[in-house]
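None of these values were measured; they are calculated from a predicted model.
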Protein chains: 2
Amino acid sequence: MNSRLQELSNCGFKITPQRRLILDILQKSDRPLTAEETAERIKKKEPRISVATIYRNLNLLVEIGVLSKLEIADAAARFQINQGHNHHLLCLGCGAAIKIGICPLQGRVEELIQEHGFSVDSHYFEITGYCRECQLKETGK
Amino acid sequence: MNSRLQELSNCGFKITPQRRLILDILQKSDRPLTAEETAERIKKKEPRISVATIYRNLNLLVEIGVLSKLEIADAAARFQINQGHNHHLLCLGCGAAIKIGICPLQGRVEELIQEHGFSVDSHYFEITGYCRECQLKETGK
DNA sequence: CTCCTAGTTGGTAACTATTATTATTTGCAA
DNA sequence: TTGCAAATAATAATAGTTACCAACTAGGAG
Ligand SMILES: [Mn+2]
Ligand SMILES: [Mn+2]
Ligand SMILES: [Zn+2]
Ligand SMILES: [Zn+2]
C-alpha cells in the first residue's frame with residue numbers, strides 16, 4: 001500500500017476514497033496545486049466531492065507531514081508532496097515552484113533573533129515572478 | 001506643510017481631511033497598523049470616515065511610496081511610514097515589527113534566479129513569533 | 001471670490017480564500 | 001455483521017479587502 005496512505009493509517013486516520021484521490025492527484029502533479037485546482041481535477045473522477053473535504057484533508061495531510069503548504073502573498077496557498085523544508089521561486093503564470101535550497105533563517109538573521117530575544121513561530125520566504133516558459137509565452141509568438 | 005502630504009499633491013492627488021488623518025495616525029504610531037486599527041483610531045476624531053476610504057488611501061500612499069505595506073501570512077496587512085526596503089520580525093502578540101537590515105535576495109539566491117532565467121516580480125521574507133515583551137506578558141506575572 | 005468638475009468620499013454589496021456547522025454516511029475494529 | 005467514532009457533503013459563516021455608485025468637495029480657471 002502507498003506509504004503516504006499508510007502514514008494516515010499510522011496516525012489513526014481512516015483511508016477514504018476522497019483521501020486516496022487527493023494524494024493521487026498531488027503525486028501526479030509536477031507542481032504544487034491550490035485547493036481549488038485539486039478539487040477541479042478530482043471532480044473529473046468523483047464529481048460529488050466537497051471542497052470542504054479537500055481543504056480539511058489538505059490541512060490534515062500537512063499536519064501529519066505528508067504534504068507541505070506554500071503560503072503565497074495575496075494568492076491561494078499551494079500544496080505539494082512534502083520534500084522537506086524548502087523555499088521557492090513561484091511562477092505567477094503557471095504555478096510552478098522552483099526549489100531553492102537556501103533558508104534565510106541562519107547566520108546574521110539568527111543572531112538578530114537572539115539579540116532581540118525574539119521567539120520564532122514560523123518564517124516565510126518566497127520569490128514570485130515568471131518562469132522562463134511563461135516569459136516566452138508572453139514575448140515570443 | 002508636511003512633506004508626505006506634499007507628496008500627495010506633487011502626484012496630482014488632493015489633500016483631504018481623511019488623508020491628513022491617516023498620515024497623522026501612522027506618523028504617531030510606533031508600529032505598523034492594520035487598516036482596521038487605523039480606522040479605529042481615526043474614528044475617535046472623525047467617526048464618519050469609511051473603511052473603504054482607509055483601504056483606498058493606504059493603498060494609494062503605498063503606490064506613491066509614502067507608506068510601505070507588510071504582507072503577513074494568514075493575517076491582515078500592516079502599514080507604516082516608508083523607511084526603505086526592509087524585512088522584519090513580526091510579533092503576533094502586539095504587532096510590533098522589528099527591522100532586520102538583511103534582504104535574502106542576494107548572493108546564491110540571485111545566482112539561482114539567473115540560472116533559472118526567472119523574472120522576479122516581488123519577494124517576501126518575514127519571521128513571525130513573539131517579541132520579548134509579549135513573551136514576558138505570557139510567562140511572568 | 002465664485003463656479004465647475006475631476007477627484008474623492010461614505011455606505012454597502014460583492015468577492016476570494018478558507019473555516020465552521022450539522023445532518024448523514026462510512027471505514028474498520030470487535 | 002454490527003456499532004460507532006470518524007468522515008463527508010452541503011452550505012452558512014468568516015475575515016480581509018475591493019468594487020460600485022450616488023453624493024460631496026478640493027482647489028484651479030475665470
Ligand atoms: Mn526556511
Ligand atoms: Mn528584500
Ligand atoms: Zn510559469
Ligand atoms: Zn509583541
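- For the pair L60(B) CG and dA19(D) C1', the interatomic distance rounds to 17 Å; values are reported in whole Å.
- Among the heavy atoms of the strands, none lies under 4.0 Å from E36(B).
- We find that CG of N59(A) is positioned 19 Å from P of dA6(D), with the value rounded to whole Å.
- Under the salt bridge (charged side-chain N to carboxylate O under 4.0 Å, His left out) criterion, the residue pairs touching residues 24-37 of chain A are D24(A)-K28(A), E37(A)-R78(A), with sequence neighbours excluded.
- A residue-by-residue look at R19(A) and A35(B) shows that R19(A) has its nearest nucleotide of DNA chain D further toward the 5' end.
- Residues satisfying the side-chain hydrogen bond (donor to acceptor under 3.5 Å, both in side chains) criterion with E115(B), sequence neighbours excluded, are R108(B).
- Residue G101(A) comes nearest to N86(A) through the heavy atom pair CA-OD1, 4.1 Å, listed as atom of the first residue, atom of the second, then distance.
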(request) Between protein and nucleotides 24-30 of chain D, map the contacts as a letter string: B base, S sugar-phosphate only, - none, heavy atoms under 4.0 Å, written 5' to 3'. (result) --BS---

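- Residues meeting the salt bridge (Lys or Arg N to Asp or Glu O under 4.0 Å) test with K69(B), sequence neighbours left out: E71(B).
- Within residues 37-57 of chain A, the residues that have a heavy atom under 4.0 Å from DNA chain D are, in order of number, R48(A), I49(A), S50(A), A52(A), T53(A), R56(A), N57(A).
- With sequence neighbours excluded, no residue forms a side-chain hydrogen bond (donor to acceptor under 3.5 Å, both in side chains) with R56(B).
- Distance Q18(A) CD to dA10(D) P: 11 Å, rounded to the nearest Å.
- With sequence neighbours excluded, no residue forms a ring pair (Phe, Tyr, Trp, His ring centres under 6.0 Å) with H88(A).
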Show me the donor-acceptor pairs within less than 3.5 Å that the side chains of residues 125-134 of chain B make with the rest of the protein, sequence neighbours left out.
{"residue": "E126(B)", "atom": "OE1", "partner": "Y124(B)", "partner atom": "OH", "Å": "2.7"}
{"residue": "E126(B)", "atom": "OE2", "partner": "A73(B)", "partner atom": "N", "Å": "3.2"}
{"residue": "T128(B)", "atom": "OG1", "partner": "S122(A)", "partner atom": "O", "Å": "3.3"}
{"residue": "T128(B)", "atom": "OG1", "partner": "S122(A)", "partner atom": "OG", "Å": "3.1"}

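- Counting 5' to 3', DNA chain C first comes under 4.0 angstrom of a heavy atom of chain A and last does so at the ends given by dA17(C) to dC28(C).
- Side-chain contact between V66(A) and N82(A) is absent, with no heavy-atom pair separated by less than 4.5 Å.
- Among the heavy atoms of the strands, none lies under 4.0 Å from A75(A).
- Among pairs with a residue in residues 6-35 of chain B, none fulfils ring-ring contact (aromatic ring centres under 6.0 Å, His included), at least two apart in sequence or across chains.
- The side-chain hydrogen bond (donor to acceptor under 3.5 Å, both in side chains) test applied to R41(A) returns no partner, not counting sequence neighbours.
- Within the structure, salt bridge (charged side-chain N to carboxylate O under 4.0 Å, His left out) pairs that include any residue of residues 87-98 of chain A do not occur (at least two apart or interchain).
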